[in-house]
Number of protein chains: 2
Amino acid sequence: MKKKENRVSIRHVAKLAGVSVSTVSRVLNHPESVSDELREKVIRVIEECRYRPNQIARSLRTGLTKVVGFVIPDITNPAFLLMVKGAEDYLKKKGYSFIVCGTDHSAKEESRILRALMAQNVEGIIITCSGGQRSELANLLRHLGLKTVFMDRRYERIDAPYVGVDNAGGVEKMADYLIETGHRSFAYLCGERTTSSARERLQGFINSMQKNGVTNYEILYGQFTFESGYELVRKFKKIPEAVMGGNDLVALGAIVALSELGYRVPDEVSVVGFDDMFYSKYSKPSLTTVRQPIYKMGFEAGKVLWKLLSGGRMQQKEVILPTEIVLRETVRQR
Amino acid sequence: MKKKENRVSIRHVAKLAGVSVSTVSRVLNHPESVSDELREKVIRVIEECRYRPNQIARSLRTGLTKVVGFVIPDITNPAFLLMVKGAEDYLKKKGYSFIVCGTDHSAKEESRILRALMAQNVEGIIITCSGGQRSELANLLRHLGLKTVFMDRRYERIDAPYVGVDNAGGVEKMADYLIETGHRSFAYLCGERTTSSARERLQGFINSMQKNGVTNYEILYGQFTFESGYELVRKFKKIPEAVMGGNDLVALGAIVALSELGYRVPDEVSVVGFDDMFYSKYSKPSLTTVRQPIYKMGFEAGKVLWKLLSGGRMQQKEVILPTEIVLRETVRQR
DNA sequence: AACGTTTTTGAAAACGTTATCTAAATTCAT
DNA sequence: ATGAATTTAGATAACGTTTTCAAAAACGTT
């Protein structure tokens, strides 16, 4: 049996190549500054003994870990992970690795995670915060001095870049469409108001109502879940001609509650969502909804973080992506 | 403006507390070995200046990073992430942090990721491998000497612990049930045969057929996707009385294909799935399926990895979790 | 009071890199 | 050729910890 599989270090390489440690390091980091002869020799040795620089030692020395963190409310929600994937796809080309953490929607867990990330010396984070405007988060971020970009959900208490979608614009457009197609009474099923997205979407709804002079509407508050949509329907004062879900999940929940109550969708009630999540096109009837570019949002957030990390000054504090309405079967055609 | 927010190091603490660096380190790692007096003084200082040990330096010194990696085929699939969450919930109590990587079902990407993980000096990994029995993976793992546990999908070419569910048993039980309830002809819609789960489930189906002496069945091969279920139905030689999906997604796909073809589920054809994913209970009609304890599987995998990391010898190379059949609306009652 | 034991502390050496600084070698202009 | 300017290479000092080793202090025992 071999002695013990001790990782090969830069020293071994130096010795084998008959050069100094410095030279090997230079070959790795500033190859142009070493003569062709030595460079080739060193490279050969590196490949022969399959040397890989120890990232830990490198980090300690340079202070740079080439790791970024993601903080999202729910590690089990495909939407958040699609964002993460977008950001990763951009950032991995720049040589970064990733730690992704879920907070279970808990502010306390969020703080814990942020500290842990800091102890791991991540260079920066992309965060979709766990709702609320708790000052705790602001203080922590400020104190840790962590480069941060907010994604999908705003956090006003701190001056960091934000990338999201045009929530208000999206539902406003959809509400306009519903009015155009002859719907006259509405219900809006709002998600957690502690999140900026819920507030913005609600605002979009209100904007459309006011702009079009319709007053026959009802707003119910709940969460961004299927169950919430299901329950909220049963609290309607009066069944409206159109119900708008805060996202696809609540819209789907609303649809089954409605059909259990004996209302046919879309013949008697139209229902729309927001997200265009995977399943929406397969549900029966397939869901008319506002599509948001989730992956793209992550990708853009990645870009922004990279700009932050590479020291470039931010020209814009926000990037807001457009949404698109996708027409399917849950809206009655007149 | 302050000088520059230089992180406070163990040296600062030592100086402020009027003790040596060693003592501070000991307070952190072997508190019992330092006198009460000094220990308290040091702890006070640590808290006052909010000192947090630099994990990087610590890792360099000890060779231990307190980080484990997860490698899964698709970072966007809630099922995989629920497993990950299970493992994290166990392992975070032991002080670990996590890197989770998706391979996009690509063996090549998988290799790349494994190397990257190694360069990050993760202490171990939990992997749901990207299908196939490519020797590449075995070689890599062997060469890297990474502590590994396989989750959900077996990989026979290497002698590492495996935690999964009783795939064969689950579908066998379900098939038995379908036979009991009077179904006489079957179709099995198999997922990627490069995965052990697909093979085991198929085997369970065949076991039941043989045991019960039924020969009137058809096996179709595809993927673990909604679309695959949808397409496979159109290739039936003859519509069977019961179709079993390799997972819920393909079952759901089969249901819509079937209803588009004019067959009513469950009155004319029964359909069952495997997984009991989130949406299955809400689909219309709600899906009868085999539930597997996804979160628990991850949790157990976490346990096993921890045993590996803390040097304990594995008493068992495998942990196989039981499945449970959940009866809903897609099976005709006689 | 003298001596061995044990406990508590500090100095210093690692861990594997990169960066700074100086010495040697080369090039270039006279 | 000579000296100045430039390029190339090596020694060495960090980075922030933990651990080893030895010294100092405390404690018993005679």
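A, B, ... follow the sequence lines: proteins, then strands. Residue 1 opens every chain. Computed from a predicted model, the values in this text were never measured in an experiment.
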In whole angstroms, how far is the C1' atom of C/dA14 from the CG atom of A/N54?
-> 14 Å
Using atom CG of B/N29 as one end and atom C1' of D/dT17 as the other, report the distance to the nearest whole Å.
-> 9 Å
Should A/S9 be listed as having a side-chain N or O under 4.0 Å from OP1 or OP2 of C/dG16?
-> no
Parallel, tilted or perpendicular: which fits the ring planes of A/F299 and A/Y90, with parallel below 30° and perpendicular above 60°?
-> perpendicular
If only side-chain N and O atoms of A/S25 are considered, is one of them under 4.0 Å from the OP1 or OP2 phosphate oxygen of C/dT17?
-> no
Below 4.0 angstrom from OP1 or OP2 of C/dG10, is there any side-chain N or O of B/T23?
-> yes
Just by distance, with hydrogens left out, do A/T103 and A/E109 show a side-chain donor and acceptor under 3.5 Å apart?
-> no
Side-chain donor/acceptor contact of B/R26 with base of C/dG10 under 3.5 Å | yes
Hey, is CZ on A/R112 packed in by over 12 heavy atoms from elsewhere, all under 6.0 Å?
-> yes
Comparing nearest nucleotides in DNA chain D, the 5'-proximal residue of the pair A/V21, A/S35 is A/S35
Compare side-chain N and O positions of A/S20 against OP1 and OP2 of D/dG10 and report whether any pair is under 4.0 Å apart.
-> yes
Considering residues, nucleotides and ligands other than B/K94, do more than 12 of their heavy atoms fall under 6.0 Å from its NZ?
-> yes
Separation of atom CZ in A/R11 from atom P in D/dA11, rounded to whole Å = 12 Å
Rounded off to whole Å, could you give me the NE2-to-P distance for the A/H30 and C/dT18 pair?
-> 8 Å
What does D/dT30 pair with, Watson-Crick or G-U, if both distances are under 3.5 Å?
-> C/dA1
Given C/dT9, C/dT18, C/dA11, which nucleotide is nearest the side-chain atoms of B/L38?
-> C/dT9
Which part of the nucleic acid does B/I56 contact within heavy-atom distance under 4.0 Å: base, sugar-phosphate only, or nothing?
-> nothing
